[in-house]
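Okay, structure first, notes after.
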Amino acid sequence: MSELKFVQLQEGSKELFDMAKEVWLPFIHEVNANDGKRQTDNEIVGGLQKRIHIQGTRNDMHFEIALLDDEVVGISMFAIDLGTIYGLLDSPGYGTVMGFYIKPVHRRKGLGRTFFEHIQDVLKKDGANKMYVCPDSVTGIPFWKAMGFSSSGKFDPDDEKPIYIKDIT
């Protein structure tokens, strides 16, 4: 039976960095295409390196790859948001998913839901009882709605994307 496991990225691990890069590049290219933006592979890899460094600075910030039988199938960065997105949310301490990707060949097989449930459990242990995401409209919104998120009617001023929220169960 196949097993999905989650591995926290760590600064300085070339093996984990290479595994992350395998899914981070197509993820960012997909999001950029949906948003009408362009970045070079070098710019995307530089952003990945910065994110791996940042996530290691807090215990409630996570950057993980998902492995199915040792094959990299997905990646996600998630944390407790210490703010309220410019006062748009009712209180600080929401869990947030800042990036989430499952390889297209592995979609619609339940892996995204399993990865999300893991993320939700980790954020709940970190102290969150609500979550928010700012998904792209093409692949993000349908997925997050299926995970139980609903539109808050508000937009993140940085990403200019809608804010979807959910109570953690």
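These figures come from a predicted structure and were not determined experimentally.
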> Taking C-beta and beyond as the side chain, do Phe155 and Pro157 meet within less than 4.5 Å on heavy atoms?
Replying inline: no
- Item | Val7 vs Leu67 side-chain heavy atoms within contact, under 4.5 Å | yes
Here the pair of heavy atoms bringing Pro135 nearest to Lys161 is O-CD, 3.7 Å
Any sub-3.5 Å donor-acceptor pair from Glu43's side-chain atoms to Thr40's backbone N or O? yes
Output for pair (Asp81 CG, Tyr132 OH), nearest 0.5 Å, gives 3.5 Å
Which side-chain N or O atoms in residues 113-120 pair as donor and acceptor under 3.5 Å with protein atoms at least two apart or in another chain?
unit_1, atom_1, unit_2, atom_2, d
Arg113, NH2, Ala146, O, 3.1
Thr114, OG1, Gly110, O, 3.0
His118, NE2, Glu64, OE1, 2.6
Gln120, OE1, Lys166, NZ, 2.9

Only one of Lys37, Arg38, Gln39 passes side chain to side chain donor-acceptor pair (under 3.5 Å) with Asn32, and that residue is Gln39
dist Ile65:CD1 -> Met19:CE (nearest 0.5 Å) comes out at 3.5 Å
Backbone of Ile80 reached by a side-chain donor or acceptor of Arg58 within 3.5 Å = yes
Is a side-chain donor or acceptor of Ser152 paired with a backbone partner of Ile165 at a separation under 3.5 angstrom? no
ask   = Under 4.5 Å between any side-chain heavy atoms of Tyr164 and Lys145, yes or no?
value = yes
Aromatic contact between Phe100 and Phe78, with the criterion being ring centroids under 6.0 Å apart: yes or no? no
Do NZ/NE/NH1/NH2 and the carboxylate oxygens of Lys14 and Asp18 come within less than 4.0 Å? yes
Just by modelled atom types, is the Leu48 backbone N or O under 3.5 Å from a matching donor or acceptor in the Lys21 side chain?
no
Output for pair (His53 NE2, Glu11 CD), nearest 0.5 Å, gives 5.5 Å
Next item on the list: Taking the six-membered ring for Trp and the single ring otherwise, decide whether the centroids of Trp24 and Tyr101 are under 6.0 Å apart.
Entry: no
CE (Met131) and CG (Asn129) are apart, to the nearest 0.5 Å, by 11.5 Å
Quiz prompt | Under 3.5 Å donor-acceptor, Lys109 side chain and Val105 backbone | solution = yes
Nearest heavy-atom contact between Thr96 and Leu123 is N-CD1, 4.0 Å
Do Glu30 and Phe27 come close enough that some side-chain heavy atom pair is under 4.5 Å? no
Problem set entry | Sidechain N-carboxylate O distance under 4.0 Å for Glu160, Lys154 | no
Quick one: do Val97 and Trp144 satisfy side-chain contact (heavy atoms from CB on, under 4.5 Å)? Show the steps, please. CA-CA 10 Å; Val97 179; Trp144 294 111; 4.0 Å; yes
Review point. Within the distance-only criterion (no hydrogens, no angle test), does the side chain of Asp69 pair as donor or acceptor with the backbone N or O of Glu3 below 3.5 angstrom?
Key: yes
query: Are any non-hydrogen side-chain atoms of Lys103 and Val23 less than 4.5 angstrom apart?
result: yes
Closest non-hydrogen atoms of Ile102 and Gly112, given as atom of the first, atom of the second and distance, are CG1-CA, 3.9 Å
| message | I'd like to know whether His29 forms a side-chain contact (heavy atoms from CB on, under 4.5 Å) with Ile44, so could you lay out the CA-CA distance, the side-chain angles of the two residues, the decisive distance to 0.1 Å, and finally the verdict. | response | CA-CA 9 Å; His29 282 304; Ile44 293 169; 3.5 Å; yes
d(Leu89 CG, Asp156 CG) to nearest 0.5 Å is 9.5 Å
task = Report yes if some heavy atom in the side chain of Ile75 is under 4.5 Å from a heavy atom in the side chain of Leu9; otherwise report no.
result = yes
Counting only heavy atoms from other residues, nucleotides and ligands, does the tally under 6.0 Å from CG of Asn59 exceed 12?
no
Counting N and O atoms only, with roles assigned by atom type, does the side chain of Ser76 sit under 3.5 Å from a partner on the main chain of Gly99, one being a donor and the other an acceptor? yes
Just wondering, do Phe63 and Arg51 contact through their side chains at under 4.5 Å, heavy atoms?
yes
